[in-house]
Asker: 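Below is the structure I would like to discuss, written out as structure tokens.
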Amino acid sequence: MINIPKGTKDVLPYESYKWHYVENIIRDLTKNFGFSEIRTPTFEHTELFLRGVGETTDIVNKEMYTFEDKGKRSITLKPEGTAGVARSYVENGLSEAPQPMKMYYITPVFRYERPQAGRLREHHQFGVELYGSDSPYADVEVISVAKSLFDKVGITELELNINSIGCPVCRAEYNKALKSYLKDHIDGMCPTCKERLDKNPLRILDCKEEKCKAVNAKAPRVIDYLCDDCKAHHETVKNILDSLGIKYTVNPNIVRGLDYYTKTVFEFVSTSIGAQGTVCGGGRYNNLVKEVGGKPTPAVGFGMGIERLLMVLESLNLSVGEVEVPTVYVAPLSQDLIMDAYKIVADLRKEGVSAETDIIGRSLKAQMKYAGKRGYKFVVVIGDEEIKNGVVKIKDMSQGTEDPVQLINLAKEIARK
RNA sequence: GUGGGUAUAGUUCAGGUGGCUAGAAUGCCAGAUUGUGGCUCUGGAGGUCGUGGGUUCAAGUCCCACUACUCACCCCA
């Protein structure tokens, strides 16, 4: 037997309705906020991610699905959604379309990692991108989309953490201060943090080792080093969130793992789905568009893991939508009547009523069982009598009651119920 | 890349110190005096016990290796 590649998942026929449920909510909600869908390729030139995501990140260093195609081009399966959108924005001259440009996507993303609960090699992200505004209102606009989605599906337990990591100017200042602090304490820290000291000292703040946490607690904080502009931006974001009644925690230790972030960073974290609790992560990335070859354009957005979102819904026993089954099952009493049943089903379908009939030649009893198990609302049994008289009974499966109706009015009657 | 755990029907799992013709529940299919599901009862199909070696008269059970899955670190959605 050939089995599924490590870290991937099938969405089976009896569970795909859950995906439709969240996707439908996403499409309604983004429309409500004025975002339009953008679809970019599943793979891009590797170069895009090197420049866009950043060469020092783990994603680029060790997690990309990169291969050479038959034309000797280096191709990479998208490890995140933002870089492709930035590329498309530049390549298609979207900066000349009415601004701001508000986009969203639902896409698979690929990272070569060791799978565990809530972490896959292929997962799906819903992402939102807002280009062309440096206003704190844009940050909040994006956060609001995520927040509204969680509200809509009934999730109240997610905690919103926000932080500001400043712009290149103030971050340079901060990095200096942080490094000099850490140098004095590095001996007591874990090996990975020692390594990070030179490469990416910001990440040290995110370490979960107890001894490192203790050091980090007293480390200089980014927000104390923000320049006036970044500081004002951060304060305004908080003020707007406050006035909208969106609760948050300022967490000086959140640092996103992608190089392109500036100013605002945020994440929505769950405690109910295991160690991989970040359901949604995002922030502002004012340097990205320039980085991939466009003119400097402020941008803000987030990525949300759909698998993780579903995990949260199920762990909290919240609705994940309803099984998708046609409305009516038409049951021929015997094999002689299959043709009649099939015609009735065809008519119902033409009238826009979803319907199904027996195509494997089962007994009436077996058909009833099938209809009951799959959750049909109505069953119509077709026998010689019914055909002769042109009158059938609509059985309501949840009530167990039967109502007679003229065969020619069947579709109308069902639509009415 | 580094640790820990687990591998027996479609699924969830039983099978102390080696002796089975490998079980249960659930699901699937069929039936319970031939026109009706959910409850109940009966029957049936379905496993080379992850793979390969080894010990033994005898291995699902003990030993070794491999593989897969899984959880955690790392990192992230």
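Residue numbering restarts at 1 for every chain, and letters A, B, ... go by the order of the sequence lines.
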Asker: When the C1' atoms of A9(B) and C29(B) are compared, how many Å lie between them, rounded to an integer?
Answerer: 15 Å
Asker: Check every strand shown and say whether Leu120(A) touches a base, only sugar-phosphate, or nothing at a heavy-atom separation below 4.0 Å.
Answerer: base
Asker: Take the protein atom CE of Met304(A) and the nucleotide atom P of A77(B), then report the distance between them rounded to whole Å.
Answerer: 12 Å
Asker: With rounding to the closest Å, how many angstrom separate the P atoms on A7(B) and U51(B)?
Answerer: 14 Å
Asker: Please determine whether a side-chain nitrogen or oxygen atom of Gln116(A) lies at a distance below 4.0 Å from atom OP1 or OP2 of A72(B).
Answerer: yes
Asker: Find the distance Glu113(A):CD to C76(B):C1' and express it as a whole number of Å.
Answerer: 6 Å
Asker: Using modelled atom types only, decide if a donor and an acceptor are shared between the side chain of Thr357(A) and the backbone of Tyr342(A) within a distance under 3.5 Å.
Answerer: no
Asker: Using the C1' atom in both, what is the distance from A45(B) to G27(B), to the nearest Å?
Answerer: 13 Å
Asker: Just by distance, no angles: are the side chains of Ser88(A) and Thr40(A) close enough, under 3.5 Å, to form a donor-acceptor pair?
Answerer: no
Asker: Record whether the side chain of Arg119(A) comes under 3.5 Å of the base of C71(B) through a donor-acceptor pair of N or O atoms.
Answerer: no
Asker: Look at all strands and tell whether Arg374(A) reaches a base, only sugar-phosphate, or nothing, counting heavy atoms closer than 4.0 Å.
Answerer: nothing
Asker: For G16(B) and G53(B), measure between their P atoms and round to the nearest Å.
Answerer: 25 Å
Asker: Take the protein atom CG of Asp58(A) and the nucleotide atom P of C74(B), then report the distance between them rounded to whole Å.
Answerer: 11 Å
Asker: Check the distance between A77(B)'s P and Ile155(A)'s CD1 and give it to me in whole angstrom.
Answerer: 17 Å
Asker: Between Ser36(A) and Lys31(A), do the side chains contain an N or O donor and an N or O acceptor separated by less than 3.5 Å?
Answerer: no
Asker: Less than 3.5 Å apart, any donor N or O on the side chain of Tyr65(A) or Arg111(A) sitting next to an acceptor on the other?
Answerer: no
Asker: Quantified in whole Å, what is the C1' atom distance between nucleotide U48(B) and nucleotide U21(B)?
Answerer: 15 Å
Asker: Test your reading of the model: is there a side-chain donor-acceptor pair from Gln125(A) to the backbone of Ile306(A), 3.5 Å cut-off?
Answerer: no
Asker: Determine which pairs satisfy ring pair (Phe, Tyr, Trp, His ring centres under 6.0 Å) with at least one residue from residues 124-156 of chain A, sequence neighbours left out, and list them in order.
Answerer: Trp19(A)-His124(A), Tyr89(A)-Tyr131(A), Phe126(A)-Phe302(A), Phe150(A)-Phe268(A)
Asker: Can you tell me which stems RNA chain B forms, taking runs of 3 or more consecutive Watson-Crick or G-U pairs with both distances under 3.5 Å?
Answerer: B:1-7 with B:67-73, B:10-13 with B:23-26, B:28-32 with B:40-44, B:50-54 with B:62-66
Asker: Take atom NZ of Lys377(A) as the centre, draw a 6.0 Å sphere, and report whether it contains more than 12 heavy atoms from other residues, nucleotides or ligands.
Answerer: no
Asker: Salt bridge between Arg87(A) and Glu44(A), side-chain N to carboxylate O under 4.0 Å?
Answerer: yes
Asker: When the C1' atoms of C28(B) and A59(B) are compared, how many Å lie between them, rounded to an integer?
Answerer: 32 Å
Asker: Is the distance from OP1 or OP2 of G31(B) to the nearest side-chain N or O of Ser363(A) less than 4.0 Å?
Answerer: yes
Asker: Taking OP1 and OP2 of C73(B), is either one under 4.0 Å from a side-chain nitrogen or oxygen of Gln276(A)?
Answerer: yes
Asker: Could you check, using the six-membered ring where one of them is a Trp, whether Tyr285(A) and Tyr260(A) have ring centers closer than 6.0 angstrom?
Answerer: yes
Asker: Would you say Arg308(A) places a side-chain N or O within less than 4.0 Å of OP1 or OP2 belonging to C76(B)?
Answerer: no
Asker: Does the protein touch nucleotides 35-48 of chain B at the base, only the backbone, or not at all? Give it as B, S and - per nucleotide, heavy atoms under 4.0 Å.
Answerer: BBBB----------
Asker: Under 3.5 Å, is there a donor-acceptor pair between the side chain of Thr262(A) and the main chain of Asn286(A)?
Answerer: yes
Asker: Suppose you measure atom P in C39(B) against the same atom in U34(B); what distance do you get, rounded to whole Å?
Answerer: 22 Å
Asker: If you check the Arg114(A) side chain, which of C74(B), C71(B), A30(B) turns out closest?
Answerer: C71(B)
